J.: 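The structure's right below; bear with me while I get my questions together.
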Amino acid sequence: MKYTLFSLLAVFFCISAPGSSAAVYEKEATGEQRPLNDYLVRHWETRDGLPHNSVNELIQDDKGYLWLATWQGPARFNGRRFDIYDNLRETGLPDIGMYTAAYSDCDSSIYVAGSRGGIARFYDGHWEALESAPPFVNHLFTDDNCNLWVSTSELGLLVYKNNQRTAQFTTNHGLNSMFVYESLVDSQGNLWAATNKGLQVKKVGKARFETITAIPERLVTALLELQNGTLLVGTENGLYQQKVNTEFERTLPEIDRRISTLFQSPDKQLWLGTYRDGLIRISDKYGTEIFDTSEGLPNNHVLDIIQDREGSFWVSTHGGLVQFRDALFSTYTKKDGLTGNYIRALAESDKSEIIVGSSNGVSVVDETGVSALAPDTPLNEQSVLSMAYDDTQQLHVGTYTDGLYIWNGERIVRHFDTNNLLKADEVRQIELDPKLGKFLATPLGITHLYQNSEGQWVSQHISQEDGLTNNYTTSLHLDKTGRLWAGSARGVVSINIVAKNDAFDYQITPVDLTELNNAELAFHITEHSGYLWMATDRGLIAHNLSKNTWKIFNRDQGLPFDNFMSVAFDGNGNLWLGSNRGPVMIEHDSFTKVLAGQADKLNVQRFSEVDGLESAQINSGGPSMLQARDGSIWLATSNGVSEVDPKTITEIGNLPPEVNIESVKADGETVIFGEKLSAETDRIVFEFVAPGYLMAEQIDYQVRLVGFDENWVNKNSLNSAEYTTLPANDYIFQVRARYPGGQWSQPDYFAFRQSAHIWMQAWFWIVASLAVALLALVGVKARLNQHNQTRLRLEKMVKEKTADLETMARQDPLTNLGNRRAFDERLQHELSRCRRDGTYLSLAILDVDYFKDVNDHYLHTVGDKVLVRIAEVLRDEIRDIDYVARWGGEEFAVLITNSELEVAKEASERMRERIAATPFDDLVEDMKITVSIGVASSFHYADHAGLLIAADQALYQAKSAGRNRMESKP
């Protein structure tokens, strides 16, 4: 039988019916199909935390986690971290080699099985071993009736009901082999068995299997029920499809490869994995596509394919895990038709064409694609620094070495250089006005080009001699009043331009920016919503033109750094900043609230290559960031031009990832929901995560401890929260998550109770008060003098008890160091002093290495003695002006005042070496006590939360790098 490509594709894209159990994609497929090469492809391997590069099977559970069956154990992935379950005592498995996995919709169980026939179930955070099926389990499958089907290499096909083995199908039931590679119960209830000798079926109501003779008696490698209700079969030499009942025929004969896995997405794309030839996709729009190692696949042996609930496709291989997802940014490079990859300037024509200026000429991006703007002209060879359209739609192109070109859409109509009116050939910025003419920013000042009364082009030059703070001019902007703003390497000036006969006078006023973080170098100036916005070397400056007020945004307001190259606003009013370290987006409501004084911190999102950028380096240029007419933002990067549509961010934000509280520990011990904590509890830590895969690194978190916090507390991307020395109360911890600018998820919550000390409980004071009153009454009856003495003594006792309680509230009872509360107060005080005095301090957080082993082997009493000795060492090691506190558990914190990062690093290293050299043999004779230290400086992290987070991250790096070491941020 002969097939046409159209008839073959029509087989798969006909009607909608129940699909394969492998599909976990729940969201309605509304987006348009795109070519495979247009997806953003990400890859994880062992160096990224994957336990083994062979990922044999993939599933997704109801909480959004991805589960991976690997040769080094089952692993759970949340988008940022792999949790590996390779402890055989925990899982009950005979070995860690996992070959297959399945998910049950009935009770949200995860099943894994593998090389020694072991089968285990993960449910409600715990593992349970099922009866094994040695020597090897090939495949697990759960049906709609909650049965687990186990395909084995020697025991045939096994059935587990309620996690107990209830049935076994062997050659006695008609199987042609005891080696079952895969099984499937279709939507009609028929049981299909793929063996090493072909395909068999046990129809509903039948007792025995029958053989499908149309399929060769060789290994059948994959089964999939398509949406049209028919069965697709993968074999060693291609595909077979069910026609009627047990009738099958060869389909897509051009795909004669050995098939390893099959998947069909809700929009009816068919995905095929092969053993040696990579990934194949068949769709109605793009036909047959092949994606292999030449395209970026890490290995051509594809093991499994799924689509997650957010729409991303996941492909597992022998070379690691691969994600195909819609990219937030679309990027065009030389391979797409640009004349060069190093982009400095952008412009948009009245036809919505995006003009791209690179170090190798000018390109145009329109609905037809990407091409050179002027291929047979000098523009195709210039290194472009700046571009702008005038009111007649003539494009002005400023170059690095050849002055200014004017292009009318068909040809170059004028060229200005040092031989023709210009002082310098390097044109960094261009400002155009139909009445005033052309203003060019150059390293030698500002060149003003205009036509005199006779229609001749003339120029005037503005330099330091005229009042510029520096000749090296980097930015220009004409505001709505006709005033010219100019940024240079040494500050900003405003210029009133006064026409005088056939010439102009320039009234130059320097702008004093010393109160704005001493900003000097202004890379870009633009106007929006009544404000002048300046991207500078010390932050983003906003100037209210009507009120003549100034405000700066930098690290203190939550920006990740201070140096920015460009500023723009998208169609949703969000503010975008370009930097060499990636673009930054600030939501419209966030920066307007800070401008109005209604908030202190900006809600900032920073993007990188994982979001679709070929390079996160945004260049300086004229301009290097542009809002197009459709509201999208275009960015000039060091590797191509990138575009982002704010609607895409909104769409992703409307699908918030579900957040889960993963761990709750009080002083290092696990806490269960509703538990009553001891009055001695010092520190409670919550760890949480939102498994999201569209922008995993950009997920924001907010937490709230009901009974303690009045409002939600921003955690940004930090997925942990801790509280110390909580007052006695009933608490509910809540956490929620979102993508940038999106909706918040429903919160996950955890309830617990904090107990009070006896002397802090009301009944104690009531009883004590009654006792005191009774004694006083007896004393009055006995002697008035004795009564007075008793009263004075009791008042003294109350004062002393109050003083003791205040001391206890701020002192660690074990080490007599300050506690976390006292430390936080001291840190706030010192940071305020630093801001007042213009000095810096550093924070070092120390964690005792393997301290749990000390407690496990020598009990907590010995562990307490170790902590006391370390506290003595630290107290002896620090200066009088420094401050040390017990941070909680086995952690200490040291404030190193009047010091920058390098000094603090040296001091921290001395502390580490001193502790490592301190003898602990009398306490732990066979263990060496060391500490890991994380250090950060207020020079880089000026606020309280930022400094704590940075030091904690540095401590995590020290732990991850092997312990007994010091690491610093940044």
Side-chain angles (χ1 to χ4, degrees), residues 19-24 54-60 67-71 74 93 95 97-105 109-122 130-161 163 165 167-170 175-186 190-202 209 215 218-225 231-236 258-263 272-273 275 301-306 316 318:
S20 164
S21 62
V24 297
S54 292
V55 181
N56 297 312
E57 192 151 13
L58 294 167
I59 56 174
Q60 187 175 31
W67 287 82
L68 294 69
T70 82
W71 289 127
L93 291 163
D95 71 322
M98 295 295 102
Y99 188 72
T100 180
Y103 173 72
S104 173
D105 289 318
S109 291
I110 304 294
Y111 294 94
V112 295
S115 59
R116 290 196 190 178
I119 307 170
R121 168 184 179 239
F122 184 85
L130 278 60
E131 183 179 353
S132 63
F136 197 95
V137 174
N138 295 311
H139 185 252
L140 297 176
F141 169 76
T142 57
D143 64 22
D144 294 337
N145 294 319
C146 306
N147 297 310
L148 176 68
W149 297 83
V150 181
S151 302
T152 75
S153 60
E154 293 186 9
L155 300 180
L157 184 60
L158 307 176
V159 186
Y160 289 71
K161 182 73 172 180
N163 303 310
R165 186 187 298 180
Q168 180 179 14
F169 294 97
T170 67
L175 282 177
N176 58 11
S177 172
M178 294 291 283
F179 184 99
V180 181
Y181 194 75
E182 192 168 322
S183 63
L184 182 145
V185 178
D186 66 21
N190 300 311
L191 172 61
W192 298 87
T195 77
N196 61 340
K197 295 182 179 180
L199 179 66
Q200 293 190 283
V201 62
K202 189 177 83 66
F209 286 86
I215 293 178
R218 300 172 61 186
L219 176 64
V220 174
T221 54
L223 301 175
L224 173 67
E225 185 176 10
L231 191 69
L232 187 65
V233 181
T235 73
E236 293 183 300
R258 183 177 179 181
I259 304 299
S260 56
T261 187
L262 302 168
F263 173 77
L272 312 175
Y275 276 81
H301 188 166
V302 175
L303 296 160
D304 198 13
I305 306 165
I306 66 169
S316 64
H318 278 309

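Not measured: the values here are computed from a predicted model. These numbers come from the heavy atoms of this one structure, side chains and all, not from hydrogens, waters or symmetry mates. The residues of the chain are indexed from 1 along the displayed sequence.
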J.: Test your reading of the model: is there a side-chain donor-acceptor pair from Asn138 to the backbone of Val180, 3.5 Å cut-off?
T.: yes
J.: Measuring only between side-chain heavy atoms, which start at C-beta, is Arg116 closer than 4.5 Å to Pro134?
T.: no
J.: Evaluate Lys161 against Val159 for side-chain contact (heavy atoms from CB on, under 4.5 Å), listing each step before the verdict.
T.: CA-CA 7 Å; Lys161 182 73 172 180; Val159 186; 5.6 Å; no
J.: So which atom in Leu158 and which in Ala133 form the shortest heavy-atom distance, rounded to 0.1 Å?
T.: CD1-CB, 3.4 Å
J.: With side-chain contact (heavy atoms from CB on, under 4.5 Å) as the test, would you mind laying out the steps for Met98 and Leu93 before giving the verdict?
T.: CA-CA 10 Å; Met98 295 295 102; Leu93 291 163; 3.6 Å; yes
J.: Under a 3.5 Å threshold, yes or no: a donor from one side chain and an acceptor from the other, between Thr100 and Glu57?
T.: yes
J.: Can you spot which of Tyr103, Phe122, Tyr111 makes a ring pair (Phe, Tyr, Trp, His ring centres under 6.0 Å) with Trp67?
T.: Phe122
J.: Looking only at heavy atoms, what is the nearest atom pair of Ser132 and Gly118, with distance?
T.: CB-CA, 4.1 Å
J.: For Gly273, does its backbone N or O pair with a side-chain atom of Thr261 as donor and acceptor, under 3.5 Å?
T.: no
J.: Would you check if the side chain of Glu182 reaches a backbone N or O of His139 as a donor-acceptor pair within less than 3.5 Å?
T.: no
J.: Checking side-chain contact (heavy atoms from CB on, under 4.5 Å) for the pair Thr195/Phe179: CA distance, chi angles, key distance, verdict?
T.: CA-CA 6 Å; Thr195 77; Phe179 184 99; 5.6 Å; no
J.: Could you pull out the closest heavy-atom pair between Arg258 and Leu219, with the gap in Å?
T.: NH2-CD2, 3.5 Å
J.: Minimum heavy-atom separation for Thr142 to Ser104, with atom names?
T.: OG1-CA, 4.0 Å
J.: Write down the atom of Gly198, the atom of Asn176, and the distance for their closest heavy-atom approach.
T.: N-ND2, 4.4 Å
J.: What residue among Leu184, Leu199, Ile259 forms side chain to side chain contact (heavy atoms under 4.5 Å, CB included) with Val233?
T.: Leu199
J.: Show your reasoning for whether side-chain contact (heavy atoms from CB on, under 4.5 Å) applies to Asn56 and Trp71.
T.: CA-CA 8 Å; Asn56 297 312; Trp71 289 127; 3.5 Å; yes
J.: With distance as the sole test, does Gln168 use its side chain to make a donor-acceptor pair with the main-chain N or O of Gly156 at under 3.5 Å?
T.: no
J.: Taking all heavy atoms of Phe169 and all of Leu175, pick out the closest pair and write down the distance.
T.: O-CD1, 3.3 Å
J.: Give a yes or no answer on whether the side chain of Asn145 reaches the backbone of Asn147 with a donor-acceptor pair at less than 3.5 Å.
T.: no
J.: Is Leu140 close to Leu148 at the side-chain level, that is, under 4.5 Å between some pair of heavy atoms?
T.: yes
